[in-house]
Amino acid sequence: MPILKDVTPARRTDTQAQSPGGARTGGAGPEGAPTACGGRPTPATELGVAVVIICHNQGEWLGDALGSVLAQTRQPAEIVIVDDASDDATAFELARRHADRVRYLRIEARHPWHARAAGLRATAAPLLIFLDADDLLAEDYIAAGLKAFTDRNVAGVYSDFVRFGRLHRRSRFPAEADARLLRRENVIHSATIVRRDALDVSEAFEGPVPDAQQPEDYFVWLKVADQGFRFVKQSSLLFYRAHIGRPSRSDLRVGSYYERHGLARQRVTIGIPLAGRKRLWPRMSRLLADQTWPHNQLQLILLDTSGNAAFRRDVRQWMAGCDYDDVRVITFQPDEPGLADQPRTSANARQVDRAMCRIYNWLRTAVDSPWLLVLEDDVFPPIDIVPRLMRSMDKHVGTVSAPYLSRQGDYVLWSAPGGGSAPGNRIRERGRGVEAITAAGFGCVLMRTELIRSHVFSQHPGETWFDPAFYIAAARAGWQHRVDWSCEAEHAAALQAGHSQ
């Protein structure tokens, strides 16, 4: 792998350059501009690529990074060095030396996200690469990457990378990544070839900056993926320079999963089946008004099975005065009025279970956020329940429950041993901290929406309850379940039966 510090390009593209500090002197409009109505979209292999090299006091390596770009077998249409508050003039001098190909942009942000945003605004090509000044591209990186844009839903093309410097090894990533995978872990590096229109549609460089613990490139890719775009891997390589002062991939795992993945900014849905318990609605409505997750990041879905016109008026009056932007009511005809409050005989328990299957099959199709808090209308957790349960999430965790007592006085939680179609033993004694469980009730549980979307609720032979069946299916798909004992909720039915926390 050659390390090039001063490379004269073999040819120049149609895009004209701006000398350091000067004005842009010409050039055609963006390549791959929208075609006429009914026209054929321009193939990615014919589109221009802008390479944005961001640099903050990395002058000793910048020449190598630029050399790897100028040595590409498929030359970029634009090259911009974004000098983010460097203490020396290395970036300026290097850009001046290659003024026929390279533009120079100085900013004072001291933040990679702002530097990349500035490079995006300073270029016009339909595809971009954000290259850190201490990294290198293999010479066929652009040529091989363009071939991987196989359909319009592919927003970006990434690669494996090889560490060099103080560490030497190759990192291998999955062949494809979408929002489901990226919410578990970041497998895409910052030098991904990305479509400008995907960045624009997802507003990836608009709004607040990433949290301090969240890698800024991951913040961008997740916003793109949340719009429904995919990322695929190409055959070439990025060379990632490991050096003192630059965090390794393991260093980036410092801090909680909640912080690294920016969960505080995630959109959450609260789904509540309403059985028409008029006496409990004032308390539930106060909980919804007071709960601490930002209301503009929350969708509220109320599943009304009451069949009670007066109760529905109360709910709609509250909706009219609440500060939630997105509230939906899905109305069901009840199997039997008051069924939810009847004693649980074997006959009506089966009837309740069937009704809940129908309700949650509606909910699974209505949720449009990556996270769902299911809350029963007689279960009352702490008002900060969403952030507390969210902080117990991790890469392999699919659900985190708040414990609550059943009408019989034990917890609606199951623990090992279990297996097959059996969730294990019910938990009777209160635990501490965050513990693993095999199943829980749906009274108060935060889950990844993908779990409920992939599960059709029904009463299979041999299954006693719909909720343990859901957890068992998720566990078979590789997901873990947890309970956070610090979030214990009050269950009105348990109190009525004479049980208290």
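Quick caveat, the model's predicted, so the values are computed rather than measured.
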_Atom CZ of residue position Arg170 - does it have more than 12 heavy atoms of other residues, nucleotides or ligands inside 6.0 Å?_
yes
*Please work out which of the three classes, parallel, tilted or perpendicular, describes the rings of His295 and Tyr324, given edges at 30° and 60°.*
parallel
*Give me the one residue out of Trp221, Trp113, Phe205 that meets ring pair (Phe, Tyr, Trp, His ring centres under 6.0 Å) with Phe130.*
Phe205
*Ile107 versus Val82: any side-chain heavy-atom pair under 4.5 Å?*
yes
*So, does Asp160 use its side chain to make a donor-acceptor pair with the main chain of Phe173 at under 3.5 Å?*
yes
*Could you tell me which non-hydrogen atom of Tyr471 sits nearest to which non-hydrogen atom of Thr399, and how far apart they are?*
CE2-OG1, 3.3 Å
*Say you draw a straight line from OG1 of Thr449 to CG of Leu373; how long is it, rounded to the nearest 0.5 Å?*
10.5 Å
*asked:* I want to check something: taking the side chain as every heavy atom from C-beta on, are Ile193 and Leu128 in contact at a cut-off of under 4.5 Å?
replied: no
*Does the cation-pi check pass for Arg184 over Trp479, that is, NZ or CZ under 6.0 Å from the six-membered ring centre and within 45° of its axis?*
yes
*Residue pair His189 / Ser159, side-chain donor-acceptor N/O under 3.5 Å*: yes
_Flag for Thr73-Asp140: side-chain donor and acceptor within less than 3.5 Å_ = no
*Phe161 and Tyr240 aromatic ring geometry - parallel, tilted or perpendicular at 30°/60° bounds*: parallel
*asked:* Taking the side chain as everything from C-beta on, heavy atoms only, tell me whether Asp132 gets closer than 4.5 Å to Ser190.
replied: yes
*Taking atom types as modelled and ignoring hydrogens, do the side chains of Arg453 and Thr365 form a donor-acceptor contact shorter than 3.5 angstrom?*
no
*Heavy-atom count around Trp485 CH2 within 6.0 Å, excluding the residue itself: above 12?*
yes
*Taking all heavy atoms of Ala122 and all of Leu105, pick out the closest pair and write down the distance.*
CB-CD2, 4.1 Å
*asked:* Return the CZ to CD1 distance between Arg101 and Ile79, rounded to the nearest 0.5 Å.
replied: 4.0 Å
*Tell me yes or no: between the side chains of Tyr360 and His455, is some donor less than 3.5 Å from an acceptor?*
no
*asked:* Please tell me whether Ser171 and Arg163 have a donor and an acceptor in their side chains that are separated by less than 3.5 angstrom.
replied: yes
*asked:* Rounded at 0.5 Å granularity, tell me how far CG in Leu389 sits from CZ in Arg482.
replied: 12.0 Å
_Please give me the minimum heavy-atom distance between Lys223 and Ser202, naming the atom from each residue._
O-CB, 3.4 Å
_Using a strict threshold of under 4.0 Å (side-chain N to carboxylate O), is an ion pair present between Arg152 and Asp197?_
no
